[in-house]
Structures are given as structure tokens and as C-alpha cells.
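This report concerns only the one structure given below.
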There are 2 protein chains.
Amino acid sequence: MNPTIKDVAKAAGVSITTVSRVLNQYSDVNPKTRAKVLKVVEQLGYKPNSVARSLVMNRTNTVGLVVSDLSRSRNGHHFMFEVLCGINDRVQELGYDLVLFSTSTTAQKKTPYMDFVRQRRVDGVLMMGIRLDDPYTHEVVAASVPSVLIDVPLTSQTCSYVSTDNIAGARMAIEHLLELGHSRIGFVNGHAQAAVSQERLQGYRMALEAGGIAYDPQLVYYGNFEQEDGAIGTAELRSRFDDLTAVFFASDLMALGALKYVQNLGLRVPENLSIVGFDDIELAALMQPMITTVRQKRYEMGRSAAESLIRILEQQEQGRGIILPPELVVRETTAPHS
Amino acid sequence: MNPTIKDVAKAAGVSITTVSRVLNQYSDVNPKTRAKVLKVVEQLGYKPNSVARSLVMNRTNTVGLVVSDLSRSRNGHHFMFEVLCGINDRVQELGYDLVLFSTSTTAQKKTPYMDFVRQRRVDGVLMMGIRLDDPYTHEVVAASVPSVLIDVPLTSQTCSYVSTDNIAGARMAIEHLLELGHSRIGFVNGHAQAAVSQERLQGYRMALEAGGIAYDPQLVYYGNFEQEDGAIGTAELRSRFDDLTAVFFASDLMALGALKYVQNLGLRVPENLSIVGFDDIELAALMQPMITTVRQKRYEMGRSAAESLIRILEQQEQGRGIILPPELVVRETTAPHS
DNA sequence: CCTATTTCCGAAAACGTTTTCGATAGATTC
DNA sequence: GAATCTATCGAAAACGTTTTCGGAAATAGG
């Protein structure tokens with residue numbers, strides 16, 4: 001059906017070797033024959049079969065994006081979608097294809113990572129949404145296949161990661177609250193199996209202590225990044241401390257849940273409670289009041305991840321950590337402590 | 001590096017033909033040798049090279065998802081992400097891989113559709129976010145490669161589409177408004193190059209006329225599905241009709257933009273203006289007041305699309321239209337006409 | 001025991017490329 | 001004019017599978 005290199009060779013009166021040479025920009029081919037071949041290629045509408053090429057070159061020009069529980073997490077898309085866009089754009093710019101896989105903790109137990117990638121024949125893999133205790137996490141860095149992790153700070157010779165500077169992000173949030181005069185500041189964190197949770201906790205603590213306030217573990221609640229966790233966490237924290245005037249949330253979704261919750265209680269935000277979120281998802285600016293938050297450059301994260309992966313697999317760089325700066329976006333849910 | 005079928009054959013003391021046979025469930029192989037081969041496969045950790053298989057079988061077990069302007073449209077993810085999840089899940093369940101492509105109207109002009117798919121060697125393609133006037137639209141249905149379009153009602157022997165019943169959806173919205181006693185009902189539609197816009201307009205008109213109200217083109221405004229279009233459209237419609245009491249929007253984002261806009265004007269929703277959106281994106285239930293809307297089964301759309309595509313390419317069905325029922329979700333932005 | 005039928009298995013072609021190695025012819029050098 | 005060099009090209013192997021075709025061994029039938 002489709003013309004092959006053989007058809008082109010025959011029509012141009014040369015060998016397939018020569019056709020291959022002109023298509024791959026080799027220099028040792030006579031300009032005249034090059035022109036002739038090119039003309040035939042054009043006429044026949046010849047397109048190289050990428051499968052055949054992959055087989056002989058032993059690379060597919062394809063990278064895999066494996067995301068854990070793509071469709072499970074309701075919160076997922078706010079964060080993931082933009083990262084995905086960044087990845088997709090950069091991958092495409094660099095001439096690769098992107099194939100999407102979703103996996104789950106249970107699926108990971110069944111199929112070892114290497115089985116997975118060897119069968120799929122991807123040149124490299126990007127991972128997102130993975131937990132520290134997921135089986136793949138450590139298999140990935142140990143494997144020889146180039147990879148980059150998103151929000152899991154592990155590197156190896158062939159494994160990069162990209163993440164936001166979560167420590168700085170949390171510090172910015174807390175310092176903002178401190179400047180406003182708050183001193184009893186709660187923290188509704190994500191689950192402990194996310195690396196970002198540990199980092200944000202660290203930033204929370206550092207900022208507090210730098211402000212001369214002792215760190216109190218009772219002030220932090222561990223949620224799961226979802227909306228309801230924000231409400232539950234806030235309720236819990238408020239029951240522990242009746243002088244709570246501000247809460248920092250590890251996700252905008254949780255901040256939003258808390259906002260709705262305290263508003264239902266008849267409290268006013270920010271007058272009675274200051275709230276700071278994390279991520280700067282679109283929702284944050286649509287709430288009433290608009291949520292003060294720490295912005296992550298999600299699209300950039302995707303681009304950087306794709307870029308680094310491809311540089312690794314083209315042997316232009318080694319695995320490294322890429323940390324993007326966050327940005328404090330002050331909106332309407334924070335006010336001076338009265 | 002990786003063991004090949006040849007290694008397995010040698011280690012098992014059989015020919016590669018036999019190995020291939022046991023791996024592909026052929027019946028004519030002695031149970032003893034089958035067991036022996038299987039054991040060796042296990043020991044060596046042999047995984048078939050899917051590229052080699054693709055080459056000889058002339059199919060890749062891969063489907064492409066091409067989406068127009070993936071990262072351009074800010075509104076995109078609300079709708080697309082869930083469809084993507086549905087597609088991804090179903091594709092994976094059926095044993096295929098999903099490769100993601102984003103394209104744009106300009107990119108489509110450069111590369112004809114068939115060039116695109118022939119080079120990528122996908123077995124079939126799903127298209128989403130494409131416009132009626134995009135070059136690919138008609139190339140797709142004309143092509144012999146199995147495909148399914150999302151929200152573009154065109155079919156062929158090898159091309160299905162899946163869509164929501166937009167006529168019914170719009171009717172439900174308008175009937176709801178009519179029941180509440182509204183009679184001057186505006187419609188902020190999407191752009192005319194979306195098939196869904198035409199259908200929703202038709203539903204709007206049918207419901208109105210069934211209610212004994214003449215259709216007035218002046219009551220419809222064409223936006224672009226984005227938030228600001230909702231505000232602009234509402235302003236325009238209100239300037240044309242000072243007795244406007246309700247507006248129907250072709251997307252929740254536009255409804256949301258309108259909601260914010262009229263609230264800023266000091267109007268109350270739903271007391272002064274009733275609003276109905278479309279899609280039921282997550283945002284709709286988070287607004288204050290919560291937006292009444294027409295729900296689309298996005299995840300189901302994705303699943304159905306994937307399912308139909310694969311059935312077509314496995315020759316179990318022909319191209320057909322798949323229309324999913326919408327659902328009216330009455331919330332807080334609609335009230336009786338006072 | 002001889003033939004006919006099954007059952008089981010292997011040799012080899014094929015898929016469409018890239019790449020190695022060498023061949024040829026003309027140009028250059030001395 | 002022989003030797004060397006350079007530019008240009010082709011034959012063939014290789015990548016790892018699937019599949020066709022046929023052959024040998026085992027079984028069945030008479």
C-alpha cells in the first residue's frame with residue numbers, strides 16, 4: 001500500500017542505501033542523484049516507516065508519561081493538566097512522541113517497572129503523581145532507562161527530577177502571615193507519602209522559628225490534598241487551639257474546602273481567619289474572597305521535565321535536580337491580625 | 001542486552017517458531033515443550049519486542065489522540081481532562097497504548113492528516129477539540145484509518161463520533177427556565193465553528209417555540225466558551241433587552257463569567273437574573289451561588305470513544321454516532337420569574 | 001506390517017529500515 | 001604511467017518478530 005524505500009529506490013534507479021543516505025542527510029551522495037531521489041520521494045509521497053526504523057536503531061523516539069491514578073484523584077487535573085501540557089509541548093518540539101500510561105499502586109506491585117518499560121520500548125519515562133512508597137519510585141532511579149520524576153527529589157546518573165522549591169514556598173506563605181501579625185498559624189499538610197509534604201512542613205517550621213515562634217506539631221494536620229481534608233483539618237485545628245487566626249494549606253483545594261467550611265460556620269474570611277493555599281489553581285482566583293496562595297509554575301515544570309529527559313537520553317546531560325521558584329500571590333483571604 | 005526470542009529458543013532447545021507459537025497461544029504444540037519454553041521465558045525474563053512485532057504484523061496496538069490546541073485554550077482542561085481519563089482508561093483496558101498529539105489549525109495546514117498518521121503508525125485516531133473548519137475534520141472521515149471524533153457529528157465506514165445530545169441538553173435548560181415563568185431568555189452560545197453550538201442553538205429554539213415563544217436571533221450572542229465571553233455576551237444582551245430575566249450559556253465558564261459580572265453590577269442571582277450553564281464542570285458547584293447547569297458525561301464520552309475506535313479497528317463494528325444523554329442539574333442560579 | 005492421518009516442530013521468508021564494508025571510477029600526485 | 005586518493009554508490013547483514021510451508025514422528029486404521 002504505502003510506498004517503501006524500495007519503491008523509491010527502484011523509481012529513482014538507485015539502491016536503497018542511497019535513498020537512505022539522502023533521507024538521513026549523509027554527505028557522500030552526488031547532488032544530482034540527491035535531487036533525483038528527493039523528487040521521487042515527493043512524487044510517491046514516501047514516508048519512512050518509523051517502526052522499521054525503530055527496530056534497527058533500537059530507539060523509538062518516544063517517551064512515556066506514567067501517572068499514578070490519573071483518573072482516580074478528583075483533584076488531579078488542576079495540577080496535572082498543565083504539567084501535561086508543558087510536557088507535551090516540549091516533547092513535541094524536540095521531535096518525540098508522548099505515550100500516556102496510568103498506573104496505580106496495586107498495578108505496580110504486579111508488574112515491575114523494568115518489565116513495563118522494556119515491553120513498551122520507550123526511550124525514557126516521566127513520572128508524575130507517584131508516592132514515595134510506590135514500588136516504582138525506587139525502581140525508576142535504579143533503572144538504566146533515562147527518567148525524570150516530578151515532585152520526587154531523587155536523582156541518579158540517568159534520572160532527574162523537577163519540583164517547585166516547596167521549602168521556599170511554604171516560607172513565603174508563613175512569612176507573609178507573620179508580617180500580618182499572626183502568631184498562631186496552623187498548617188494543613190498533604191499526606192506524608194508525598195515528598196512535597198515534607199518539604200512544605202520544613203519551610204513552615206523554618207519560617208516560624210526564624211520568626212521566634214516555637215514549632216508545635218499539634219498545629220499541623222495531615223490531609224490528602226482534597227477539598228474535604230481542608231474542612232476537616234481546619235475543624236480539628238480550631239478545636240485544638242481557640243486562638244488560631246491563620247491556616248496555611250498544602251493545596252488550594254484544601255484551602256477552598258476550609259473557606260467554604262468556615263463561611264458556613266458564619267465566620268468571615270479574612271477578618272476572623274486568614275487562609276493561604278498552595279498551587280494557584282484557577283479556582284483560587286474565582287472564589288469569593290479570592291484565595292491568597294503560592295503559585296507553582298506547572299507548565300514550566302512540564303517543559304523542564306521533558307527537556308531534561310530528552311537531554312539525558314541524548315547524552316547531553318546527567319540526572320540532576322531542577323527546582324523552580326514559587327511565587328506568593330497575595331489576594332483576599334489574608335489580612336492583618338486584629 | 002535484553003533476551004530475544006532467539007535466546008529463549010536456544011535455552012529451551014527448540015526453534016524460534018515454537019517459542020513464538022507458545023507465546024501466541026497456538027494449539028499445535030506439545031504440552032511438555034510448552035511448559036519447558038514457558039519456564040525458560042520466566043527464567044530469562046523474556047519480554048517480546050513490540051517494535052519487531054509491530055513491523056511484521058503491520059499494526060502497533062497504539063491509538064493516537066489528537067487534540068487541537070491542547071495547551072492554548074485556558075478553558076480546555078475542564079472538559080478535556082475527564083474525557084482524556086475515560087479514553088486512557090478504556091484504551092488501556094483493551095490492551096492498547098495511547099499516544100498524545102496536539103495540533104493547531106496552522107499545523108494542520110502544513111501537514112496533511114494522512115501524512116501525520118502514516119508516519120506515526122497508529123492503528124487509529126481519536127480527535128477532540130477540533131473545529132468544523134479545521135482541515136483535518138474532513139480528511140479524517142475520508143481517510144481509511146479508523147477514527148472517532150468527539151463532538152463533531154460526522155461518520156463514515158471507519159469513523160464514529162461521540163457527543164452529548166446537545167439539542168436535548170439545551171431543551172432541558174430552556175424548559176426549566178420556561179417552567180419557572182421566564183419568557184425573555186437570552187442565549188450566549190459558543191462559536192459557530194463548533195458543531196455543539198449549532199445543536200444547542202437548535203435545542204434552544206425548539207424549546208422556545210414549543211413554549212409558544214417566537215425565536216429571536218437578537219437574543220443570541222456568539223462567544224468563545226471562555227469566561228470573559230460570558231460577561232460580554234450578557235452585557236450585550238442586557239443592552240438589547242431590558243426585560244431580560246434569564247440567560248442560558250453554552251459553557252459553565254461563560255455562565256461563571258456572567259455571574260461575576262452581574263454580581264459586580266450589584267444585581268442578585270437568581271433574584272434579578274437566572275443563569276443556566278452547560279457542562280457541569282467542577283467549578284459550577286463551587287460558585288456562590290452554585291450554578292444550575294446541564295451535565296455532560298465527559299468520562300463516559302472518553303470511554304465510549306475509545307471503545308468504538310477499537311471495535312472499528314478490530315472490525316467488530318462500523319462507524320456510527322454515539323450520543324450520550326445530558327442531565328439537568330438544578331442548583332441555585334435559577335429561580336421563578338417574579 | 002503397510003498406509004493414512006495426526007501431531008508436533010523447524011527452516012526460511014518477510015516486514016522496512018540503517019549501516020558496514022567494499023567496489024568502482026575518476027582525479028590527483030609524483 | 002603507476003600509485004594513491006577521493007567521491008559516489010551498492011550488496012548484504014542486521015534488528016526481532018510472525019507466518020507459511022513442509023517434514024518427521026507418532027498414531028490410527030486396515
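Residue numbering restarts at 1 for every chain, and letters A, B, ... go by the order of the sequence lines. All values below were derived from every heavy atom in this structure, side-chain atoms included, with hydrogens, water molecules and symmetry-related copies excluded.
Going from atom CZ of R53(B) over to atom C1' of dC15(D) covers 16 Å, rounded to whole Å. Rounded to an integer number of Å, the gap from K10(A) NZ to dG16(C) P is 12 Å. Rounded to whole Å, atom C1' of dC8(C) lies 12 Å from atom CZ of R34(B). Atom NZ in K32(A) sits about 16 Å away from atom C1' in dC9(D), given to the nearest Å. K36(B) places its NZ atom 11 Å from the C1' atom of dC9(C), with the value rounded to the nearest Å. Taking atom CG of residue N49(B) and atom C1' of nucleotide dG16(D), one finds them 6 Å apart after rounding to whole Å. Atom CG in L44(B) sits roughly 15 Å away from atom C1' in dG16(D) (whole-Å rounding). At whole-Å resolution of the value, CG in L23(B) and P in dT18(D) are 7 Å apart.
Within the 4.0 angstrom heavy-atom criterion, no nucleotide atom of any strand lies near N58(A). Residue S20(B) is in base contact, counting any heavy-atom pair closer than 4.0 Å across all strands shown. Within the 4.0 angstrom heavy-atom criterion, only backbone atoms of the sugar-phosphate kind lie near V14(B); the bases stay farther away.
The main-chain N or O of V63(B) is never found under 3.5 Å from a side-chain atom of D123(B) such that the two would form a donor-acceptor pair.
The stretch residues 36-59 of chain A participates, sequence neighbours left out, in these salt bridge (charged side-chain N to carboxylate O under 4.0 Å, His left out) pairs: K47(A)-D115(B). Among pairs with a residue in residues 127-138 of chain A, those fulfilling salt bridge (charged side-chain N to carboxylate O under 4.0 Å, His left out) read R131(A)-D133(A), at least two apart in sequence or across chains. The salt bridge (charged side-chain N to carboxylate O under 4.0 Å, His left out) analysis of residues 3-24 of chain B, with sequence neighbours excluded, yields no pairs.
Among residues two or more places apart in sequence or in another chain, the salt bridge (Lys or Arg N to Asp or Glu O under 4.0 Å) test is passed with E307(A) by R90(A). Remark: T158(A) pairs with S156(A), I312(A) by the side chain to side chain contact (heavy atoms under 4.5 Å, CB included) rule, at least two apart or across chains. For H138(A), the ring pair (Phe, Tyr, Trp, His ring centres under 6.0 Å) test picks out no residue, with sequence neighbours left out. E314(A) pairs by the salt bridge (Lys or Arg N to Asp or Glu O under 4.0 Å) definition with nothing, not counting sequence neighbours. Residues satisfying the side chain to side chain contact (heavy atoms under 4.5 Å, CB included) test with V145(B), not counting sequence neighbours, are M114(B), V117(B), V125(B).
OP1 or OP2 of dT17(C) sits under 4.0 Å from a side-chain N or O of Y46(A). Within the structure, every side-chain polar atom (N or O) of Y26(A) is placed at least 4.0 Å from both OP1 and OP2 of dT18(C).
Looking only at side-chain heavy atoms (C-beta outward), I310(B) and E93(B) stay at 4.5 Å or farther from each other.
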Restricting both atoms to N or O, compile the protein contacts to nucleotides 11-14 of chain D shorter than 3.5 Å, with distance only.
{"unit_1": "dA11(D)", "atom_1": "N7", "unit_2": "T17(A)", "atom_2": "OG1", "d": "3.4"}
{"unit_1": "dA11(D)", "atom_1": "N6", "unit_2": "T17(A)", "atom_2": "OG1", "d": "2.9"}
{"unit_1": "dA12(D)", "atom_1": "N6", "unit_2": "T17(A)", "atom_2": "OG1", "d": "3.4"}

Heteroatom pairs (N/O) under 3.5 angstrom, protein to nucleotides 6-8 of chain D:
none

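Where the helix from dC1(C)-dG30(D) to dC30(C)-dG1(D) starts and where it ends, the local axes point in directions that differ by 50°; five pairs per end, rounded to 10°.
Ring centroids of F116(B) and F101(B) are separated by less than 6.0 Å, placing the two rings close together.
No donor-acceptor contact under 3.5 angstrom links the side chains of S50(B) and Q119(A), judged on distance only.
A heavy-atom distance below 4.0 Å to DNA chain C is reached by none of the residues of residues 112-121 of chain A.
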